[in-house]
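The structure under discussion appears below in the form of structure tokens.
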Amino acid sequence: MLSVFIACVTCLIPTYFWIVPESPRWLILQKRKTEALRILSKISKSNKKPMNFVEEIESLQNSAISLYRTTDEKVNLKKKKKFSNFYLKLEFLELIKFFLKKRLYVFRTFILVVNWTVISAIYYGISFFTEKIPGDPYLNCILFIMVDLVALIFIQMTTERFGRKVPFTCAMTIGGITFILMTFLPNHSILSTFCALIGKLCIAFALNLSFTITSEFYPTFIRNSVTSLLVGIGRGGSVSSTYIHKFGELYKLYTLPFFIFGVSSLFAGLIFFTFMPETKEKTLPENLDEF
């Protein structure tokens with residue numbers, strides 16, 4: 001029955017074609033301004049904010065043109081020796097050179113790498129080892145899945161009011177404290193299970209919010225690539241979660257993994273709050289000049 005249910009749910013995916021709107025920038029590039037205006041109008045109504053559609057169309061059109069220049073324009077730029085490498089081929093080496101010049105952004109990218117790795121390690125370290133949590137393993141599995149849904153609700157309730165930085169830091173801090181508390185509670189205490197649930201809720205909150213933070217931090221043309229890269233690097237943390245649990249079993253310190261999760265969560269949250277900027281209501285960078 002479970003397999004049938006999962007198959008039925010996946011059958012709903014094609015409906016996204018009619019539900020998810022097309023990118024207004026792409027529509028403008030295809031000279032389909034009427035459809036772009038219709039989508040922008042829906043966005044304006046859902047956000048309950050007035051929008052100057054003429055200015056918005058011009059802004060999207062200018063940004064699109066700057067990102068998608070024709071080959072002839074690129075050749076002309078090269079002939080004139082206007083080395084505006086931000087808009088030419090945007091090759092990998094050019095990005096490396098740019099990041100080497102912008103050391104602040106290299107440092108902030110490193111902070112995001114640390115947070116993605118720590119969050120992935122904790123999230124999967126808790127999710128895949130619910131049998132180590134006191135209580136019925138089947139009930140624990142259900143509860144630990146349900147808190148993921150609660151985390152998504154909390155994101156909607158908090159990020160628009162308090163931004164991204166404060167809720168993310170609070171989630172990492174509270175999650176770290178609860179995991180550390182687990183190491184000092186009796187092994188079969190119901191409080192230990194409660195702390196684990198709160199910790200999983202906070203880490204699920206931070207994991208889902210990380211996608212928004214990463215997407216809002218990087219320019220448009222590398223946004224998807226960098227987000228995918230950081231998610232891939234974070235998978236290294238998820239792999240390490242197994243070895244962290246094995247390390248605790250090796251020395252018969254069964255609460256040691258949770259202590260490691262707690263300390264790493266506090267550390268990642270601290271450096272994020274100290275060095276990362278707030279991205280709420282900031283204009284998304286379109287190119288490297290605005291980064």
Side-chain angles (χ1 to χ4, degrees), residues 13 16-17 20-30 36 39 43 59-71 73-75 77-78 83-121 123-124 152 155 159 164-165 168 203-240 268 271-272 275-291:
I13 294 177
Y16 288 8
F17 181 82
V20 180
E22 186 55 81
S23 166
R25 179 185 284 112
W26 183 83
L27 291 172
I28 291 171
L29 283 173
Q30 304 301 316
I39 293 173
I43 294 173
S59 175
L60 288 172
Q61 192 167 9
N62 292 335
S63 64
I65 290 173
S66 68
L67 287 172
Y68 301 96
R69 294 194 173 191
T70 62
T71 305
E73 287 176 318
K74 292 181 181 180
V75 172
L77 284 173
K78 288 180 179 179
F83 296 103
S84 173
N85 291 329
F86 300 137
Y87 301 112
L88 293 178
K89 293 183 179 179
L90 298 173
E91 295 175 350
F92 180 74
L93 290 178
E94 293 172 356
L95 291 175
I96 295 297
K97 291 178 182 178
F98 172 80
F99 274 105
L100 290 177
K101 294 178 182 178
K102 299 275 189 176
R103 295 183 180 179
L104 176 62
Y105 295 104
V106 174
F107 180 63
R108 287 176 174 173
T109 299
F110 172 75
I111 292 174
L112 289 176
V113 168
V114 171
N115 274 271
W116 272 104
T117 305
V118 168
I119 291 170
S120 297
Y123 183 85
Y124 290 101
L152 293 175
I155 287 176
T159 53
R164 283 77 164 120
K165 187 174 181 178
F168 181 88
I203 293 303
F205 182 99
L207 176 65
N208 288 283
L209 187 54
S210 295
F211 286 96
T212 301
I213 293 171
T214 305
S215 299
E216 292 178 344
F217 183 68
Y218 291 98
T220 300
F221 71 95
I222 61 171
R223 185 170 297 132
N224 291 338
S225 300
V226 175
T227 302
S228 301
L229 177 63
L230 291 178
V231 172
I233 294 173
R235 290 296 181 263
S238 62
V239 172
S240 68
I271 61 173
F272 181 90
F275 299 107
M276 291 299 294
E278 176 60 70
T279 57
K280 181 178 181 288
E281 296 182 352
K282 296 292 180 65
T283 302
L284 293 178
E286 298 287 350
N287 47 59
L288 289 176
D289 287 327
E290 302 173 6
F291 185 38

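This structure is a prediction, so every number in the text was calculated from the model and none was measured.
With rounding to the nearest 0.5 Å, the separation of OG1 in T214 from CG in L209 is 9.0 Å. Atom OG1 of T212 and atom CD1 of I155 lie 7.0 Å apart (nearest 0.5 Å). Separation of atoms OH (Y124) and CG (L207) is listed at 6.5 Å; rounding is to 0.5 Å.
Inspection of the Y218 and S225 side chains reveals no N or O donor paired with an N or O acceptor under 3.5 Å.
Contacts of T279 classified as side-chain hydrogen bond (donor to acceptor under 3.5 Å, both in side chains), with partners at least two apart in sequence or in another chain: E216. Taking the ring-ring contact (aromatic ring centres under 6.0 Å, His included) definition, one finds that F205 meets it with nothing, sequence neighbours left out. For F107, the side-chain contact (heavy atoms from CB on, under 4.5 Å) partners are I111, F275, not counting sequence neighbours. Contacts of Y123 classified as side-chain hydrogen bond (donor to acceptor under 3.5 Å, both in side chains), with partners at least two apart in sequence or in another chain: D148. Among residues two or more places apart in sequence or in another chain, the side-chain contact (heavy atoms from CB on, under 4.5 Å) test is passed with P21 by I39.
Put simply, the side chain of R164 gets close to the backbone of T159: a donor and an acceptor are under 3.5 Å apart.
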When the side chains of residues 227-240 are checked against the rest of the protein, which donor-acceptor pairs come out under 3.5 Å, sequence neighbours left out?
| residue | atom | partner | partner atom | Å |
| --- | --- | --- | --- | --- |
| T227 | OG1 | R223 | O | 2.7 |
| S228 | OG | N224 | O | 2.8 |
| S238 | OG | R235 | O | 2.5 |
| S240 | OG | G237 | O | 2.6 |

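The side-chain heavy atoms of S210 and I119, taken from C-beta on, include a pair separated by under 4.5 Å. A heavy-atom distance below 4.5 Å is found between the side chains of F217 and M276.
Nearest heavy atoms, T117 versus V113: OG1-O, 2.8 Å. In terms of heavy atoms, K280 sits closest to E278 at N-OE2, 3.0 Å.
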